[in-house]
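Below is one structure; the comments refer to it alone.
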Amino acid sequence: VLKMFAHGSMRKGRCNMSAAYFALKSLSKSAAHPLVAIRHNLREIAAEMGAASHINPKRTRLNQIIHGHDSSLDVENARLWVLKHLKIENPRKNAVHGIEIVVSIPPHASINQLAFFLNARDWLKSNYGGLMLHAVIHNDEEAPHMHVIILPIVDKRLQGNALMGN
């Protein structure tokens with residue numbers, strides 16, 4: 001996957017650019033609900049910004065939204081609108097309501113970081129499936145990384161397993 005936008009060879013989610021990283025996480029109606037992930041990604045959870053946090057609040061202004069809205073409520077409303085439009089108003093209890101993808105690069109990688117993340121976003125939009133709701137680059141932690149939230153719509157249904165695998 002990463003070799004499509006990292007110019008590196010792929011092995012278990014890593015490419016040869018000194019440990020670029022790619023991970024997937026399913027988001028359900030539990031504590032890992034898409035709204036919680038989006039609030040974290042937009043730095044709207046004040047408790048995450050404390051002294052013991054790995055987030056540097058002085059650098060949060062360097063984060064960049066590269067797809068979607070700048071408010072978690074607007075992203076959530078867009079997600080709910082799509083579900084309503086597709087008549088998915090009462091999803092299964094165990095349905096995957098979103099997929100979070102994290103793409104990370106080493107802290108001092110000598111590449112154009114913005115170009116890398118834009119290419120990764122574009123590759124995901126073209127090749128992964130589902131509907132991209134949100135993508136944000138975090139520059140306020142040690143390693144630059146991007147969070148992407150995908151609504152797992154396949155054939156007009158929530159089908160997280162079709163995108164995640166079992």
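Below, each value reflects all heavy atoms present in this structure, side chains not excepted, and no hydrogens, waters or symmetry copies.
- Closest of all the heavy-atom pairs between Gly160 and Pro152 is CA-CB, 3.7 Å.
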Please assess Val154 against Leu163 for the test side chain to side chain contact (heavy atoms under 4.5 Å, CB included), listing each intermediate value before the final yes or no.
CA-CA 8 Å; Val154 177; Leu163 298 179; 4.1 Å; yes
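- No single ILVMFWY cluster, assembled from side-chain heavy atoms under 4.5 Å apart, contains both Ile45 and Leu42.
- Taking NE2 from His33 and CG from Leu27, the interatomic distance works out to 9.0 Å, rounded to the nearest 0.5 Å.
- Note on Ile105: it does not cluster hydrophobically with Val102, by side-chain heavy-atom contacts below 4.5 Å among ILVMFWY residues.
- With rounding to the nearest 0.5 angstrom, the CZ atom of Arg61 is 9.5 Å from the CG atom of Asn56.
- A side-chain donor-acceptor contact under 3.5 Å links Arg121 to the backbone of Ile66.
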Given Gln64 and Asn139, is the side chain to side chain contact (heavy atoms under 4.5 Å, CB included) satisfied, shown in steps?
CA-CA 8 Å; Gln64 295 178 271; Asn139 291 303; 4.2 Å; yes
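- Between the OG atom in Ser72 and the NE2 atom in His40 there is a gap of 12.5 Å [rounded to 0.5 Å].
- Of the inter-residue distances, the one linking Leu133 atom CG with Glu100 atom CD reads 12.0 Å to the nearest 0.5 angstrom.
- In this structure, the ring of His134 has its center no less than 6.0 angstrom from the ring center of His69.
- The two residues Pro34 and Gly98 make their nearest non-hydrogen contact at CG-N, 4.0 Å.
- Judged purely by atom type and a 3.5 angstrom limit, Tyr128 has no side-chain atom pairing as donor or acceptor with the backbone of Ile150.
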Could you give me the CA-CA distance, side-chain angles and deciding distance for Ile149 and Met132, then say whether side chain to side chain contact (heavy atoms under 4.5 Å, CB included) is met?
CA-CA 6 Å; Ile149 304 292; Met132 185 177 292; over 6 Å; no
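- Judged by distance alone, the side chains of Ser53 and Glu48 never bring a donor and an acceptor atom under 3.5 Å apart.
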Applying side chain to side chain contact (heavy atoms under 4.5 Å, CB included), run through Ile99 and Lys25 and close with a yes or a no.
CA-CA 6 Å; Ile99 296 171; Lys25 177 182 180 181; over 6 Å; no
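- Without hydrogens or angle criteria, Glu141 side chain to Ile55 main chain gives no donor-acceptor distance under 3.5 Å.
- Checked by atom type, the side-chain pair His54/Glu142 shows no donor-acceptor distance below 3.5 Å.
- The shortest distance between side-chain heavy atoms of His138 and Pro144 does not fall below 4.5 Å.
- At a threshold of 4.5 Å between side-chain heavy atoms, the hydrophobic network of Ile, Leu, Val, Met, Phe, Trp and Tyr places Leu35 and Leu151 in two separate groups.
- Residues Ile137 and Leu62 have side chains not in contact (no heavy-atom distance under 4.5 Å, counting atoms from C-beta outward).
- Between the Asp155 side chain and the Arg157 main chain, no donor and acceptor come within less than 3.5 Å of each other.
- Classification of Arg43 and Asp140 as a salt-bridged pair holds, one side-chain N sitting under 4.0 Å from a carboxylate O.
- In this structure the side chain of Val136 never reaches within 4.5 angstrom of the side chain of Met146, judged on heavy atoms.
- A continuous path of ILVMFWY side-chain contacts below 4.5 Å connects Leu118 to Ile101, so both sit in one hydrophobic cluster.
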Mind listing the side-chain donor-acceptor pairs of residues 80-88 below 3.5 Å, one per line with the distance, residues two or more places apart or on another chain?
none

